[in-house]
Number of protein chains: 2
Amino acid sequence: MAVVPQDTHKKNGRAADDVVRCLVAKIHAGEYPDGSQLPPERSLMEEYGISRTVVREAVQTLSRQGLLEARPRYRPVVRKPGYDAAISALENVVTHLLSDQNGVRNLFDTRIMIEVSLVRRAARHAVKEDIAALKAALEANEAAIPDSDLFYQTDRAFHGVLYDIARNPVLPAIHSAYVTWLSPQWSQMPRLPQRNRENFEAHQRIFDAILLRDPDLAEQELRDHLDSAWLQVCRTFDQDRG
Amino acid sequence: MAVVPQDTHKKNGRAADDVVRCLVAKIHAGEYPDGSQLPPERSLMEEYGISRTVVREAVQTLSRQGLLEARPRYRPVVRKPGYDAAISALENVVTHLLSDQNGVRNLFDTRIMIEVSLVRRAARHAVKEDIAALKAALEANEAAIPDSDLFYQTDRAFHGVLYDIARNPVLPAIHSAYVTWLSPQWSQMPRLPQRNRENFEAHQRIFDAILLRDPDLAEQELRDHLDSAWLQVCRTFDQDRG
DNA sequence: CGCCCTTTCTGGTCGTACCAAAATATCTGC
DNA sequence: GCAGATATTTTGGTACGACCAGAAAGGGCG
């Protein structure tokens with residue numbers, strides 16, 4: 001049951017895995033710089049003494065993982081993956097995990113947890129530029145109240161600023177993951193200027209709490225905001241089922 | 001309803017992608033229940049009217065993503081992936097992102113962020129069983145002070161309890177991801193009973209703060225603990241370089 | 001009935017061949 | 001001489017067939 005990866009060079013079945021490891025190492029070592037293109041498959045099969053089948057299998061693996069960008073009939077291009085590439089590698093798996101309301105709720109809970117951390121952090125450590133960015137996002141959000149599509153965009157952008165404040169490149173990637181994975185739930189919701197206004201006001205309260213340097217208040221406002229959003233989603237979802 | 005991929009030629013290049021989508025859909029729909037085994041490749045190639053090459057490519061993709069478990073000479077087994085399967089799909093990408101000290105720091109910062117949330121939550125909402133679990137983990141940790149390997153295990157276990165308290169299955173997966181990805185940095189550190197005792201005492205202080213239902217104190221103790229751990233790692237790392 | 005051996009099945013790898021599109025070389029017209 | 005059109009080569013995508021080795025299934029013998 002426990003799949004314990006033992007010797008890395010066991011001739012065990014997977015010939016492609018060796019090639020994958022080797023290519024990863026070479027990319028890692030800079031032998032294939034970022035942006036350069038991999039040798040042709042036919043060269044690789046000579047170099048490694050394997051068939052093209054195996055080469056293609058290895059290339060495909062790396063491509064799916066985001067280390068290579070393999071467009072249909074171009075040479076594979078080496079891509080040092082960003083944090084967002086990591087996210088996209090999860091697509092199919094996450095789709096499964098979100099197949100039930102429970103999975104969505106679990107993911108949403110982690111989002112609440114993260115954003116709570118972010119607003120607390122912002123309330124304590126935000127500098128002038130952060131405040132300015134938040135203010136700008138907030139104003140754009142307010143201006144978009146009549147236009148639900150635009151409001152959705154500015155909504156995401158406002159939350160996105162929160163993820164930027166920590167200046168940790170992992171976080172924006174997580175934000176974009178949340179947006180991508182949770183949007184199916186969100187997109188089916190009816191968009192009303194009334195709801196938009198309520199959401200904007202929630203954003204405003206969060207912003208105010210950050211201005212007040214009050215982490216606890218900011219946390220509370222954010223929780224209220226996201227809990228409310230969750231209720232909206234649930235109502236929409238239940239309506240669809242009923 | 002049968003997605004007969006004869007007309008899927010329209011798609012550019014990737015014939016395998018269509019098969020992947022189709023198989024994902026069928027797994028998703030329960031047509032291939034969890035734990036069941038996929039039809040033989042030779043059946044699939046008839047069913048979809050494609051060559052075995054493409055079948056194998058699709059199977060391999062799903063396997064790499066964790067939706068299938070494809071051992072060397074067995075039929076692929078359908079696996080509704082857990083949150084941990086998602087983590088393992090990131091292995092190669094994360095390896096890249098952690099190739100420099102910056103990436104490690106960024107990841108570690110998110111760990112601090114998450115665990116801060118967890119201890120705050122624990123301080124506010126932990127129930128008797130949670131406290132008991134923490135207490136047990138703490139005692140095991142204390143008993144392991146003389147044995148550095150065992151101490152490492154109990155250390156992880158103590159933090160793991162924190163991830164369990166929220167009863168969100170995403171979180172333990174994240175914990176195991178942190179352990180997996182950050183352990184290369186950690187494992188090179190010298191293990192001294194003296195350091196073990198300091199770490200244990202940090203755990204104790206965190207536990208006490210949770211007992212006191214004091215989120216702010218718990219947060220502070222945790223930050224001190226993890227910051228200290230980071231400093232240890234840095235010292236080790238700098239020594240290696242110097 | 002159970003053990004052992006043989007046959008079949010199945011995935012892993014290889015090799016060849018062909019196609020279509022991209023890249024490159026070549027040619028043509030000005 | 002050079003730009004643009006054309007022919008050639010390269011290269012990835014797919015198909016087909018073959019072989020191997022281990023696993024599963026079937027059958028014969030004790």
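Labels below follow one simple rule: chain letters A, B, ... track the order of the sequence lines, proteins then strands, and each chain is numbered from 1.
Applying the salt bridge (charged side-chain N to carboxylate O under 4.0 Å, His left out) test to residues at least two apart or on different chains, none of the pairs has a partner in residues 172-186 of chain A.
If you measure from atom CD of A:Q60 to atom P of C:dT13, you get 13 Å, rounded to the nearest angstrom. The separation between A:Y48 atom OH and C:dC14 atom C1' is 19 Å, rounded to whole Å. The distance between atom CG of B:L44 and atom P of C:dC9, rounded to the nearest whole Å, is 17 Å.
Residues satisfying the ring-ring contact (aromatic ring centres under 6.0 Å, His included) criterion with A:Y83, sequence neighbours excluded, are absent altogether. Here B:T110 pairs with A:N168, A:V170, A:L171, B:L107, B:Y178 under the side chain to side chain contact (heavy atoms under 4.5 Å, CB included) rule; sequence neighbours left out. Applying the salt bridge (charged side-chain N to carboxylate O under 4.0 Å, His left out) rule to B:D100 yields no partners; only residues at least two apart in sequence or on another chain are considered. Checked against salt bridge (charged side-chain N to carboxylate O under 4.0 Å, His left out), A:D147 has no partners two or more places apart in sequence or in another chain.
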Show the distances under 3.5 angstrom between N or O atoms of the protein and N or O atoms of nucleotides 8-12 of chain D.
unit_1: D:dG12; atom_1: OP2; unit_2: A:E41; atom_2: N; d: 2.9
unit_1: D:dG12; atom_1: O3'; unit_2: A:P72; atom_2: O; d: 2.6
unit_1: D:dG12; atom_1: N7; unit_2: A:R42; atom_2: NH1; d: 2.9
unit_1: D:dG12; atom_1: O6; unit_2: A:R42; atom_2: NH2; d: 3.3

